[in-house]
Amino acid sequence: MSRLQLSEAVRERVRAAERVVVFSGAGVSRESGLDTFRGAGGLWERMRPEELATPEAFRADPGKVWRWYAWRYQQAAEAAPNPAHAAIARLETLFPFVMVVTQNVDGLHQRAGSQSLLELHGTITRAVCERCGSGRDMGEAIAESSERPPLCSCGGRLRPAVVWFGEVLPHETLVLAYEEATFCDLFISVGTSAVVYPAAGLIELAHQAGACLIEVNPEPTPFSHVMDLRLADPAGEALPALVDAIERSRWPPTT
Ligand code: BV8
Ligand code: ZN
């Protein structure tokens, strides 16, 4: 992507910004080879979310759901963070406060070096006991049994430590995310279709609070019309160009 020119208005907001939120979805991990949920060829295209990512599906057929997550865990473990994840991590060197609020469960933001991170929908890297809540590494749990969920030492059944449809998001994490969206100066929404709630509500919150809004997504979303800047390019190209432009705005080369 060629050198990105920010408008004077956006450059001003970027220059003055102190608190930044990056709100990410499955599209950020697309260029790491991980399927999205709703886009063409996405995970859900071949199956419906209700079939697998719900407590009812797990109760009805724990083996099938466990095998799906074991497959996705393997995919994530073999994937590498892409230039979008790296650019997002680099933002932490450009602003005093950066919070990555992700819907993704693949752990790639952490592996790219992002330090401040809220995982709204949990993580595929951990398994948790349905009965006593104790957690363990998902890789170990799958090594113990890849066909059906293993049992905890308390006798309870393990499940992926993700938030399924119809389940509430971790309260503390959601409250922190609401705070970050309410008080940020710059809100960058990247790689999300912005249709899953309550996560997508963060965009509206940031908009109401007067943050400068940037969207990175090859497709339009229900929030595209309120964005101050929209980059309709793949995140792996757009994010490095955007962070370079942000860096030039905050530290203009001394002439
Ligand atoms: C809850 C973890 C209720 C598991 C996931 C209003 C209020 C509250 C709830 C609801 C509501 N309306 C509806 C609901 C129910 C539901 C919901 O929102 N449904 C949607 C489908 C309408 N919400 C819930 O069930 C939530 N729970 O609210 O509980 C409650 C209340 C009280 C008491 C009890 C219960 C829980 C939602 C969390 C579900 N878990 N994931 C797992 O991963 O297996 S959601 C799942 O969707 C993933 O986390 C995913 O991240 C998330 C959002 O999808 P996206 O990340 O946006 O991915 P998607 O594929 O959709 O889009 C990718 C985008 O990338 C596309 O736009 C594409 O154009 C773009 N793209 C493609 N390539 C690139 C790219 N962008 C950049 N670069 C590229 N290269
Ligand atoms: Zn247990």
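Just follow the structure's listing: the first ligand is 1, and inside any ligand the first atom is 1. Starting from 1, each residue takes its place in the sequence as its number.
Taking every heavy atom of Pro198 and a limit of under 4.0 angstrom, the matching atoms of ligand 1 come to 28 (O). Close approach of ligand 1 to Val168 is summarised as follows: ligand atoms under 4.0 Å from at least one heavy atom of the residue are 31 (C), 32 (C), 33 (C), 34 (C), 35 (C). Heavy-atom proximity to Gly25, at under 4.0 Å, picks out these atoms of ligand 1: 56 (O). Close approach of ligand 1 to Val196 (heavy-atom distance below 4.0 Å) involves ligand atoms 18 (O), 37 (C), 47 (O), 52 (C), 53 (C). Of all the atoms in ligand 1, the ones that sit under 4.0 Å from a non-hydrogen atom of Gly191 are 63 (C), 64 (C), 65 (O), 76 (N), 77 (C). Ligand-side atoms of ligand 1 in range of Tyr69: 4 (C), 42 (C), 44 (O), range being under 4.0 angstrom from any heavy atom. Per-residue contacts place Glu219 under 4.0 angstrom from the following atoms of ligand 1 (heavy atoms of the residue considered): 69 (O).
In this structure, Asn217 contributes its side chain and Thr192 its backbone to a donor-acceptor pair below 3.5 Å. Side-chain N or O atoms of Ser146 include none that pairs as donor or acceptor with a backbone N or O of Ile142 at under 3.5 Å.
Residue-level proximity to ligand 1 for Gln103 is carried by backbone and side chain together, each with a heavy atom below 4.0 angstrom. The part of Glu167 lying near ligand 1 is the backbone, judged by heavy-atom distances below 4.0 Å.
For ligand 1, the polar-atom distance check finds no N/O of Arg30 at less than 3.5 Å from any of the ligand's N/O atoms. For ligand 1, the polar-atom distance check against Val216 finds no nitrogen or oxygen pair separated by under 3.5 Å. Considering both main-chain and side-chain atoms, Ala26 comes within under 3.5 Å of ligand 1 through a nitrogen or oxygen pair. Of the polar atoms of Val28, none of the N or O atoms is found under 3.5 Å from an N or O of ligand 1, judged by distance alone. Geometrically, ligand 1 and His121 share a nitrogen or oxygen pair separated by less than 3.5 Å.
Minimum heavy-atom separation, Glu247 to Arg90: OE1-NH1, 3.3 Å. The two residues Thr221 and Ala194 make their nearest non-hydrogen contact at CB-CB, 4.3 Å.
Side-chain atoms of Phe97 and Ser116, non-hydrogen and from C-beta on, never get closer than 4.5 Å to each other. Using a 4.5 Å heavy-atom cutoff, the side chains of Val28 and Thr102 are not in contact.
Contact check on Glu144 versus Arg136 returns a salt bridge, with a Lys/Arg side-chain nitrogen under 4.0 Å from an Asp/Glu carboxylate oxygen. Salt-bridge formation is not detected for the pair Arg30/Glu219: no Lys NZ or Arg NE/NH1/NH2 atom is positioned less than 4.0 Å from an Asp or Glu carboxylate oxygen. Note on Asp185 versus Arg15: no salt bridge recorded, every NZ/NE/NH1/NH2 to OD/OE distance being 4.0 Å or above.
Geometric assessment of Arg72 against the ring of Trp68 yields a positive cation-pi assignment under the 6.0 Å and 45° thresholds. Geometric assessment of Arg159 against the ring of Trp164 yields a positive cation-pi assignment under the 6.0 Å and 45° thresholds.
Relative to atom 2 (C) of ligand 1, the option among Val163, Leu120, Ile124 with the closest non-hydrogen atom is Val163. Across the listed options Thr221, Asn217, Val162, Asn217 owns the non-hydrogen atom lying nearest to atom 70 (C) of ligand 1. Considering Phe23, Phe165, Trp164 only, the shortest heavy-atom separation from atom 16 (C) of ligand 1 involves Phe165.
At least one heavy atom of Val195 sits closer than 4.0 Å to an atom of ligand 1.
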